[in-house]
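What you see below is based on every heavy atom in this structure, not just the backbone, and it leaves out hydrogens, waters and symmetry mates. Quick note: residue numbers are just sequence positions, from 1.
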Amino acid sequence: MSAALLLVPDFSLILIGWLLVRYTPFDRTFWAGVERLVYFVLFPALLLQSTNSARFDFSTTSAMLGLALATMAFGMVTGFLVRFVLRPDPVDFASGFQTAFRFNSYIGLALASRIGGGEGLALMALVVGITVPICNVAAVWALARQGEARLLRELARNPLILATAIGLATNLLGLHPPEVVGMTLGRLGSASTALGLMTVGAGLQLSGATGAVGPMAWWTAVKLLAMPCFAWLAGRHLPLTTLQYEIVVVYAALPTASSAYILAVRMGGNGPMVAATISAMTVAAVVTTPVWLSLVS
């Protein structure tokens with residue numbers, strides 16, 4: 001119950017976003033602009049400031065990142081197996097495969113801050129920085145419509161990856177911004193959490209999954225049940241602090257990324273099915289995430 005109550009404020013913001021887009025003049029066009037602001041400005045400021053100011057224990061952080069990568073690989077393999085078990089339409093498979101292992105950074109960073117404050121936020125930022133490039137490569141590979149050069153350019157321009165890399169590099173070099181700059185980044189980062197969660201709610205869409213219910217259920221089970229179970233079991237045998245253990249399990253339990261829909265549409269995939277999968281996972285995560293957190297708390 002304590003874990004569930006801990007996460008109520010963040011999931012309440014998702015609900016508020018869902019209500020606003022349906023019952024106020026703030027329509028999807030408005031929220032699309034807000035999401036771009038969060039993605040390109042506010043969240044990078046949060047990642048940069050948190051990784052630059054954090055103190056990392058690299059003797060155990062390496063184990064945490066290794067577990068995060070192993071969990072991601074487990075999700076990719078189990079998500080891919082649906083191709084042989086349920087044999088979905090090739091376009092549906094290519095579009096939905098990414099939902100089995102990609103994760104919503106907005107929710108992840110918000111929950112990490114709720115669980116561990118600034119330290120938890122910095123640890124989740126590291127996980128985001130190391131896993132997002134690999135997730136993007138695998139997602140684009142499955143859709144197989146764009147060349148490698150374009151993919152590499154997109155990864156190099158990803159604001160979340162760049163912000164984490166710059167923050168970590170300057171941290172290791174002992175370079176920290178003046179106090180006024182740090183405060184400005186902190187203010188921008190604070191704004192990102194609430195707005196990011198509300199954009200998740202505004203994007204919920206449960207229609208359009210005709211003919212793909214089986215694969216959707218498979219990928220949802222992989223993302224919300226199998227992956228966190230793997231992280232929970234494996235993490236018990238690794239030299240992790242309690243907070244690092246919690247961060248990896250929460251990372252594994254996150255619903256899939258909202259950007260999966262954008263990628264599917266841009267590359268000619270089944271966008272409505274992906275949007276419905278994202279929404280179903282996000283709603284289900286309201287129940288599953290507190291359960292996993294309670295097991296490691």
Side-chain angles (χ1 to χ4, degrees), residues 3-4 7 10-11 14-15 17-18 68 70-108 110-111 131-132 135-136 138-139 142-143 197 199-233 248-265 269-295:
L7 304 183
D10 298 314
F11 285 116
I14 296 175
L15 175 61
W18 182 83
T71 303
M72 178 189 63
F74 174 79
M76 290 179 179
V77 172
T78 50
F80 190 83
L81 289 177
V82 74
R83 184 174 184 180
F84 306 104
V85 178
L86 299 180
R87 301 183 182 277
D89 176 83
V91 174
D92 289 349
F93 170 77
S95 305
F97 170 60
Q98 58 179 320
T99 64
F101 55 86
R102 296 185 71 183
F103 60 98
N104 194 304
S105 300
Y106 300 160
I107 299 175
L111 297 185
T131 56
V132 163
C135 287
N136 287 350
L143 286 159
L197 290 173
T199 61
V200 172
L204 293 180
Q205 181 178 334
L206 292 171
S207 61
T210 303
V213 175
M216 285 175 57
W218 179 286
W219 290 317
T220 299
V222 168
K223 188 68 199 71
L224 301 184
L225 300 178
M227 282 183 63
C229 184
F230 177 90
W232 175 63
L233 291 173
V248 176
V249 172
V250 168
Y251 151 75
L254 293 172
T256 197
S258 302
S259 56
Y261 167 76
I262 298 173
L263 181 64
V265 171
N270 187 339
M273 184 202 71
V274 174
T277 306
I278 294 169
S279 301
M281 283 194 192
T282 303
V283 172
V286 175
V287 176
T288 59
T289 304
V291 173
W292 290 112
L293 182 57
S294 68
L295 292 176

Q. Out of Trp232, Phe101, Trp292, Phe103, which residue meets the ring pair (Phe, Tyr, Trp, His ring centres under 6.0 Å) rule with Tyr251?
A.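 Passing option: Phe103.
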Ignoring hydrogens, what is the shortest heavy-atom contact between [X] and [Y]? Give both atom names and the distance.
| X | Y | result |
| --- | --- | --- |
| Ala264 | Ser95 | CB-CB, 4.4 Å |
| Trp219 | Asp92 | CH2-O, 3.6 Å |
| Gly75 | Val222 | O-CG1, 3.8 Å |
| Leu224 | Met281 | CD1-O, 3.6 Å |
| Cys135 | Met72 | SG-SD, 3.5 Å |
| Val249 | Pro228 | O-CB, 4.3 Å |

Please report the interatomic distance [atom1]([X]) to [atom2]([Y]), rounded to the nearest 0.5 Å.
| X | Y | atom1 | atom2 | answer |
| --- | --- | --- | --- | --- |
| Leu111 | Ile107 | CG | CD1 | 7.0 Å |
| Thr99 | Met216 | OG1 | CE | 8.5 Å |
| Leu15 | Trp18 | CG | CH2 | 7.5 Å |
| Leu204 | Ile14 | CG | CD1 | 7.5 Å |
| Leu254 | Arg102 | CG | CZ | 13.0 Å |
| Leu197 | Asp10 | CG | CG | 5.5 Å |

Q) Who are the ring-ring contact (aromatic ring centres under 6.0 Å, His included) partners of Phe11, not counting sequence neighbours? A) none
Q: Would you check if the side chain of Trp218 reaches a backbone N or O of Thr78 as a donor-acceptor pair within less than 3.5 Å?
A: yes
Q: Tell me, please, which residues at least two apart from Thr199 pass side-chain hydrogen bond (donor to acceptor under 3.5 Å, both in side chains).
A: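 Thr199 satisfies side-chain hydrogen bond (donor to acceptor under 3.5 Å, both in side chains) with no other residue.
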Q: Step by step, work out the ring-ring contact (aromatic ring centres under 6.0 Å, His included) result for Phe93 and Phe80.
A: CA-CA 9 Å; Phe93 170 77; Phe80 190 83; 5.4 Å; yes
